[in-house]
Amino acid sequence: MTDRDVEVGVFLVLMAGVVLLGFGAARWRRPADPYHLEEWAVGGRAFGNWTMWFLLGGSMYSAYTFIAVPALTYGLGAIGWFAVPFAIVTTPLTFIFTTRAWSVARRHGFLTHSEFAAARFGSPGLGALVAVTGILATIPYVAVQLISLQAVLRTVGFGGEWPLLAAVTLISICTFRSGLRAPALLSVVKDVLLAWMLITAALMVAMYGGWGSAFRGAATRFAATPNPADGLLLPETGHLGFFTLVIGSALAIFAYPHALVGMLAAKDRDTVRRNAAALPIYCMALGLMAMMGIFALSRGVTPADGDLNTVVPRLIHEYFPSWSAGIAYAALSIAALIPAAVMSIAAANAFTRSLYRTYLRPDATPAAEAWTSRWVSLIVKFGAAALILAVDPAFSVDLQLIGGVLILQTIPAVFLGLLTAWFHRAALTAGLISGLVTGLVLLWDIPEVDGTGRIVAEHFGGSSWSIGDGRSIYVGVVALAVNLVVAVVVTLLVRAAGVRDGHDGTRPDDYHADAGDPYLQRLDELIDGLPTGGSGSPAHPSGGPSAHPPLRSPGQRVL
């Protein structure tokens with residue numbers, strides 16, 4: 001048996017086990033009634049510390065971390081390191097915002113950012129716009145995962161389109177059947193395999209001269225290229241672009257719908273806090289993978305057919321023992337499939353709750369919501385597959401950054417909405433649309449250039465917009481600034497004109513609710529109603545009067 005046979009054999013055995021585990025996940029913590037959207041989409045909101053730890057790592061630290069970032073450091077050097085500081089900046093933002101989001105979502109039964117925006121500002125139209133933006137931003141992010149998966153499959157020896165479509169089909173069936181339970185369970189397997197891969201990678205670097213040798217070799221190779229933008233240090237003109245990439249990406253990452261899905265699966269606020277505080281551990285893994293691009297460059301690893309996304313898989317093939325390479329291939333594949341599954345679930349939830357139930361079928365039952373989300377999740381995954389077959393980005397990370405330009409425009413309505421209801425709903429809608437238009441116009445104006453600086457495409461060539469003198473700025477930050485200015489100005493104008501605000505369906509104490517709160521409403525309570533006191537209002541824990549309004553009748557939505 002050749003080394004290649006061992007690689008492929010270990011990879012196929014592990015992937016077969018992953019598929020079986022994904023199918024079996026539907027029986028893991030199986031609820032009495034699995035046909036509620038809450039059970040399918042967020043695991044019944046019952047995951048504890050360890051499950052949440054693996055799920056967040058599996059969904060947030062994805063193939064973007066293990067394939068796209070090393071490809072960027074391999075191709076351009078220092079600019080690829082923007083992912084490390086942005087991941088670090090994200091941690092305190094996560095700690096502050098997601099605990100508030102978890103509480104208000106648990107009390108009102110929200111599953112999406114868009115539901116919250118609609119309730120906070122009294123505008124179903126704003127919620128629908130946030131939902132559409134989130135879906136459109138998620139599809140390129142799913143595509144990043146599938147591009148990475150395709151790179152692994154090509155390295156293993158499964159070229160062409162059919163292996164990718166087969167893998168997407170299998171994970172789609174697992175997700176359709178098991179919902180969030182499948183990626184949650186598979187995330188445990190992924191982290192075990194990735195830990196082995198990272199340990200092997202660190203030992204491999206030590207065997208070949210250490211990081212000092214790797215950085216010296218990479219510096220020599222960058223010095224020999226004609227591209228003035230690459231190198232181990234940022235060029236003088238690259239600081240603004242790097243800084244805005246860090247800030248924009250840090251703000252965007254937890255505005256994506258799938259970030260909220262992972263957090264809402266937690267059983268209580270303490271679980272959210274603990275996992276937010278522990279996220280820097282994954283930042284170390286991200287930093288190590290970014291350096292693997294430098295090591296690959298120093299060792300002269302050549303990407304397959306010029307596809308930089310194959311750099312890490314090719315490195316594994318050339319330097320890992322064959323059996324360990326098979327394990328690493330499986331780890332990278334799972335790291336692509338898990339976030340693709342979670343992202344598709346989140347996008348489907350946004351469609352179901354803010355478009356389908358709001359405008360198409362207001363009387364939809366929980367079972368109808370669940371089935372709609374299941375089918376929409378399939379459409380999202382195969383839509384992303386179609387996207388990567390239609391485009392050929394120089395760096396797969398560009399797809400994520402373009403999606404980030406879109407999702408950043410929901411920041412005023414969602415993240416700032418968690419802190420204040422000062423903005424007017426009409427102003428937020430105008431700001432969001434202005435930001436989207438600005439972002440798309442600037443993205444259209446960016447040409448794609450090759451390593452020599454030659455223009456190979458006129459439009460949508462990246463996410464950094466040139467402002468002259470060799471400097472650039474991340475388009476998402478510019479568009480968000482336009483969004484915020486419009487939102488503030490229009491809010492002041494409509495208030496001066498005496499236009500009424502929308503009704504805020506939340507209360508200050510909603511943002512601090514925790515498990516055990518007598519007013520916490522899960523989906524079954526939204527359908528059946530909470531226990532009521534003698535006056536028809538929720539029973540107060542102390543037996544006294546309640547400040548909360550009377551419960552709705554079954555089937556009526558609570559905001």
Side-chain angles (χ1 to χ4, degrees), residues 19 22-27 30-31 33-44 59 109-115 124 127-128 130-143 145-146 149 164-186 256-258 260-262 264-265 336-390 403 523 526-527 557:
V19 171
F23 277 105
R27 297 184 176 277
R30 183 176 177 86
D33 184 358
Y35 298 106
H36 283 293
L37 182 58
E38 184 181 65
E39 293 292 348
W40 181 79
V42 290
S59 60
F110 301 148
L111 293 177
T112 65
H113 288 127
S114 51
E115 288 179 282
V130 170
V132 171
T133 303
I135 294 169
L136 294 177
T138 297
I139 290 176
Y141 210 166
V142 176
Q145 316 308 318
L146 300 186
L149 175 62
L164 174 66
L165 295 177
V168 172
T169 300
L170 288 174
I171 195 62
S172 297
I173 295 172
C174 290
T175 307
F176 189 93
R177 172 182 168 83
S178 305
L180 194 67
R181 285 176 170 82
L185 194 56
L186 294 180
Y256 279 101
H258 69 279
L260 185 65
V261 164
L264 292 187
L337 291 172
I338 289 173
V342 177
M343 291 170 191
S344 66
I345 289 172
N349 291 346
F351 173 84
T352 300
R353 282 294 181 90
S354 295
L355 298 173
Y356 174 75
R357 191 175 74 172
T358 302
Y359 295 105
L360 301 178
R361 193 176 171 187
D363 59 344
T365 64
E369 287 183 351
W371 279 107
T372 300
S373 281
R374 291 182 182 203
W375 285 106
V376 173
S377 72
L378 298 183
I379 295 172
V380 171
K381 281 191 280 286
F382 282 100
L387 176 63
I388 68 172
L389 297 178
L523 190 59
L526 288 172
I527 296 169
R557 187 180 179 188

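Heavy-atom basis, side chains included; hydrogens, waters and symmetry copies ignored. Along the sequence shown, the residues carry numbers beginning at 1. Just so it is clear, the structure is predicted and the values come from calculations on it, not from any experiment.
- R177 contributes a side-chain N or O that, together with a main-chain N or O of F23, makes up a donor-acceptor pair within less than 3.5 Å.
- Atoms CD and CD1, on Q145 and I171 in that order, are 12.0 Å from each other to the nearest 0.5 Å.
- Under the rule for a side chain to side chain contact (heavy atoms under 4.5 Å, CB included), the partners of F176 that lie at least two apart in sequence or sit in another chain are W371, R374, W375, L378.
- Of all the heavy atoms in A128 and S354, the pair that sits closest is CB-O, 3.9 Å.
- L165 contributes atom CG, which lies 11.0 Å from atom CG of L170 (distance to the nearest 0.5 angstrom).
- When all heavy atoms of A348 and S373 are compared, the closest pair comes out as CB-O, 3.1 Å.
- Between A350 and A131, the shortest heavy-atom contact is O-CB, 3.7 Å.
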Inset, instruction - Verify side chain to side chain donor-acceptor pair (under 3.5 Å) between T175 and S377, making sure each step is shown before the conclusion. - result: CA-CA 8 Å; T175 307; S377 72; over 6 Å; no
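- No side-chain heavy atom of L111 sits less than 4.5 Å from a side-chain heavy atom of V261.
- Using a 4.5 Å cut-off on side-chain heavy atoms (C-beta onward), T372 and F351 make contact.
- Of all heavy-atom pairs spanning A347 and V380, the tightest one is CB-CG2, 3.9 Å.
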Contacts under 3.5 angstrom, residues 336-346 side chains, donor-acceptor by atom type, not counting sequence neighbours:
residue: S344; atom: OG; partner: A340; partner atom: O; Å: 3.3
residue: S344; atom: OG; partner: A341; partner atom: O; Å: 2.8
residue: S344; atom: OG; partner: K381; partner atom: NZ; Å: 2.8

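- Residues F382 and T169 meet the side-chain proximity criterion, which asks for heavy atoms closer than 4.5 Å.
- For the pair Y356 and A368, the tightest heavy-atom approach, listed with the atom from each and the gap, is OH-CB, 4.2 Å.
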Inset, instruction - For the pair H258 and Y141, evaluate ring-ring contact (aromatic ring centres under 6.0 Å, His included) and give the outcome as yes or no after the intermediate values. - result: CA-CA 10 Å; H258 69 279; Y141 210 166; 5.5 Å; yes
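- Using a 4.5 Å heavy-atom threshold, the side chains of L37 and P366 count as separate.
- Of the possible polar contacts, one joining the T112 side chain to the E115 backbone as a donor-acceptor pair under 3.5 Å is found.
- The heavy-atom pair separating S178 from G22 by the smallest distance is OG-O, 2.9 Å.
- Although no hydrogens or angles enter the test, the distance criterion places a donor-acceptor pair under 3.5 Å between the side chain of R181 and the main chain of E39.
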Inset, instruction - Apply side chain to side chain contact (heavy atoms under 4.5 Å, CB included) to L146 and V168, showing your working. - result: CA-CA 8 Å; L146 300 186; V168 172; 3.8 Å; yes
Inset, instruction - Could you walk me through whether R361 and E369 pass the salt bridge (charged side-chain N to carboxylate O under 4.0 Å, His left out) test, one step at a time? - result: CA-CA 10 Å; R361 193 176 171 187; E369 287 183 351; over 6 Å; no
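- We find the OG-CG distance between S59 and L180 to be 8.0 Å, quoted to the nearest 0.5 Å.
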